[in-house]
Structure formats: C-alpha cells, structure tokens
Amino acid sequence: MAMTLSNSVPSACIICLSASNQFYLPSSPFKSLKPPLFWPWQKVKMGPLTVSPMGFGTWAWGNQLLWGYQPSMDSQLQQVFNLAVENGINLFDTADSYGTGRLNGQSEKLLGKFIREFQGEKRIRDEIVIATKFAAYPWRLTSGQFVQACRASRDRMQIEQIGIGQLHWSTANYAPPQELALWNGLVAMYEKGLVKAVGVSNYGPKQLVKIHDYLKARGVPLCSAQVQFSLLSMGEDQMEIKNICDCLEIRLISYSPLGLGMLTGKYTPSRLPQGPRGLLFKQVLPGLKPLLVSLREIAEKRCKTIPQVAINWCICKGTIPIPGVKTVKQAEENLGALGWRLSSNELLQLDYAAQESPRRMIQNIFQTK
C-alpha cells in the first residue's frame, strides 16, 4: 500500500519526486504537454493482448474483512480507475470471489460500471483488459459449471468479452478429480468466445507445466500465470515458476508486489495495521530490517518512494505487477513506479538484502507444487 510523501522520502527529495512523477489528473488542462509514463513500444504482449507494464489489483474493492471496504468509497475508487486509465494503465485484475458476504462479486460490478461511465476516448476504453479469476469452489464440479461462472462474471461487468479468464487456484492438492473439469472449463470458455485468453493463478511449477501441456494439446494457449511474487516472495518455487513462464512464453503476473503493505515502509513492529493483516505483520516485519533499509536507501537516492522501488523491482524482473489500490494517493504513488528502471547494481543490492532478511512472506496455501 502507498503512504504519504513525508513517510516515504526526506523533504529534500519532495521537489525531485514531484518532478519525476509524470502522471496527470484526468481533468488537467496540461495533460497533452506531459510525456507518457511509458511509450507504446514499452507495452507488454500477453498472448493475443497488449497490456501496460503494470496493472492494478482490485481485491480491496468490496472486501470488508481485510481491507475495510464501504460503499461510500465507490466514488474515490472511480477516481482511481479514471486516473489509472488516463495514464495508460489498461490491465485490471479481479475475481468472482472478490467481495465479502452480500458484496460477493462487488469488484467485478464496480469495474464494469467504471468502464461504462468512463468519459475518455472510446479507443482507450476499448483497450481495457479485465483479467478475472474464477474460484474453484467445491460445487463447481463440471466444465459446464465453470462456463456458467464465466458468464455470470461477464454479466456482472456487463461486457461482451472478458480479457483473461483465469482459474483462481488448483484443486490438485485436495480434490484431483475436480482439476480436469476446471481445465476443460477453461477450454470451453475460450472456444465459446467468452474470453480472449486464459490464465491460471497460484499454480506451482509442476502443475503449471501440466496445465500448459494439456491446454496446448487442446489448441488453447496459456496466456498468463499469476503468483505471489515480490522481494518478500522470491523463494525457489517462485523463481522456478518465473523460469518456466519465460521458457513457455507465459506472462507472469505478480500479485502482492508490496507484500500486503509490508514493503511500503509505513508499518513497524510497533505500528501495525488493524485486523488480520496485523497478525501477519507482527510475525514478519521484525525480520525485514535489511531489506527495508536497502529499499529506503535506493528510494532516497532515486528521489522515489519505497513502494515505487519495490514495484519497479518486479517490473525489472520481467513480471507485470498488480499492486492493489483503493485511494487516489495510492494510485498516484504506484504510477510513479513507471517510466524508469533500477540499475543492475541496485537490483543485486535488493536481491541480496532480501536473502539476508530472515523472514519471508507466508506462501499462499492454495499454491500447488
């Protein structure tokens, strides 16, 4: 998560940081004078799609338990969406399970609403790519039920075709027979034209190769693989997944690039977030000092913020990070991760600091081997 400038960089750098952030507000009369955060040739190919080097995640849009969502936030979320799109971001990640209780699917509903109400050029609106994930609920036992879930997501968003339809997690660890039905569901939604491309989420190395080969045999290319990937999540499995993606021409999408907020510099062992995140942070933060020191050092030298450095690390590693956003301030800060690159020495420094930090992000329990 993002934070205020005063918490991110020393005062001497604020002018420099302001000058380096090239994003503009949608209503700015000077937007035509601002260079873009990235040029068209810096966009990323993802199967048949072309997307921005960074996307935005929308897990918080509807989640009351973990992120404190309230419907009163919707107007600011729409400002976040407009700001992102006006600055070239066209990839938005969501899921049919995002939202709690009666708000289940709220993230998809809000994205659809914001797309319809976007006041910018039609060309920009048409280039937006929605990547949604379909939960492997225990009652989704057939490919037809998975296709039905895809249609329900499309109806919630009120769009003709979903950009990327993703399997949210694998059931190989606990319900192997269900796995094949879900794979067939991905094939069916692709063949029916409900999605432009298909992807997976939380797949480990072995299972990732299996589904790639299965889909390829059915004539369906695997477009993307989404995993927890950050300076807190760079273990052997994650790096192997990255290597497999590179070899098989699968685009890796890195979720939680800021470690749920632990890589923002905003929190300390004595200043923790409320709710379930606070329990996790209490365990992990005390062991992150070497990494946070290096992040702050590079941020100050670059006149950037700690989150911007952490996100840029993901980009330099060849992934597409999708940091979560729920405020305009966070969106503005995240946009500042674009338009520059860490040097090779800075990347080595961060890699070493991450290895020297004795604590790691807890791996998602749904990720397979």
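- For the atom pair CD1 (Ile244) and CE (Met239), the distance works out to 12.0 Å, reported to the nearest 0.5 Å.
- Here Trp39 is tied into one hydrophobic group with Trp41, each link being a pair of ILVMFWY side chains closer than 4.5 Å.
- Scored by the side-chain hydrogen bond (donor to acceptor under 3.5 Å, both in side chains) test, Gln145 finds Thr142 as partners (sequence neighbours excluded).
- Under the side-chain contact (heavy atoms from CB on, under 4.5 Å) test applied with Phe229, the options Ser254, Pro257, Pro321 reduce to a single match, Ser254.
- Taking the six-membered ring where the residue is Trp, the centroids of Phe114 and Phe92 are separated by 6.0 Å or more.
- Every residue meeting the side-chain contact (heavy atoms from CB on, under 4.5 Å) condition with Lys210, not counting sequence neighbours, appears here in chain and number order: Trp183, Gln207.
- Among residues two or more places apart in sequence or in another chain, the salt bridge (charged side-chain N to carboxylate O under 4.0 Å, His left out) test is passed with Asp74 by none.
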- [ ] Kindly indicate, with the supporting measurements, whether the criterion side-chain contact (heavy atoms from CB on, under 4.5 Å) is fulfilled by Phe134 and Leu167.
- [x] CA-CA 5 Å; Phe134 309 113; Leu167 177 53; 5.8 Å; no
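- Within a 6.0 Å sphere centred on NZ of Lys45, other residues, nucleotides and ligands contribute more than 12 heavy atoms.
- The environment of Glu127 atom CD is dense: over 12 non-hydrogen atoms of other residues, nucleotides or ligands sit within 6.0 angstrom.
- Checked for salt-bridge contact, Arg302 and Glu346 meet the test: a charged N lies under 4.0 Å from a carboxylate O.
- Note that the CZ atom of Arg125 and the CD atom of Gln119 stand 8.5 Å from one another [nearest 0.5 Å].
- Rounding to the nearest 0.5 Å gives a distance of 12.0 Å between CD1 of Ile322 and CG of Asn334.
- In Glu191, the CD atom is crowded: over 12 heavy atoms of neighbouring residues, nucleotides or ligands sit closer than 6.0 Å.
- By the side-chain contact (heavy atoms from CB on, under 4.5 Å) test, Gln161 is found to be paired with Lys196, residues two or more places apart in sequence or in another chain being considered.
- Taking a cutoff of 4.0 Å between a charged side-chain nitrogen and a carboxylate oxygen, Lys317 and Asp351 qualify as a salt bridge.
- Rounded to the nearest 0.5 Å, atoms CG (Leu111) and CD (Gln78) are 11.0 Å apart.
- Taking the salt bridge (charged side-chain N to carboxylate O under 4.0 Å, His left out) definition, one finds that Glu117 meets it with Lys113, sequence neighbours left out.
- Here the CG atom belonging to Asp93 is positioned 7.0 Å from the CG atom belonging to Leu91, to the nearest 0.5 angstrom.
- Although no hydrogens or angles enter the test, the distance criterion places a donor-acceptor pair under 3.5 Å between the side chain of Arg116 and the main chain of Gly112.
- Salt-bridge annotation for Lys242 and Asp246: present, with a side-chain N of the basic residue lying under 4.0 Å from a carboxylate O of the acidic one.
- Note that the CZ atom of Arg156 and the CG atom of Asn104 stand 7.0 Å from one another [nearest 0.5 Å].
- Under the 3.5 Å distance criterion, the side-chain polar atoms of Ser170 are left unmatched by any main-chain donor or acceptor of Tyr203.
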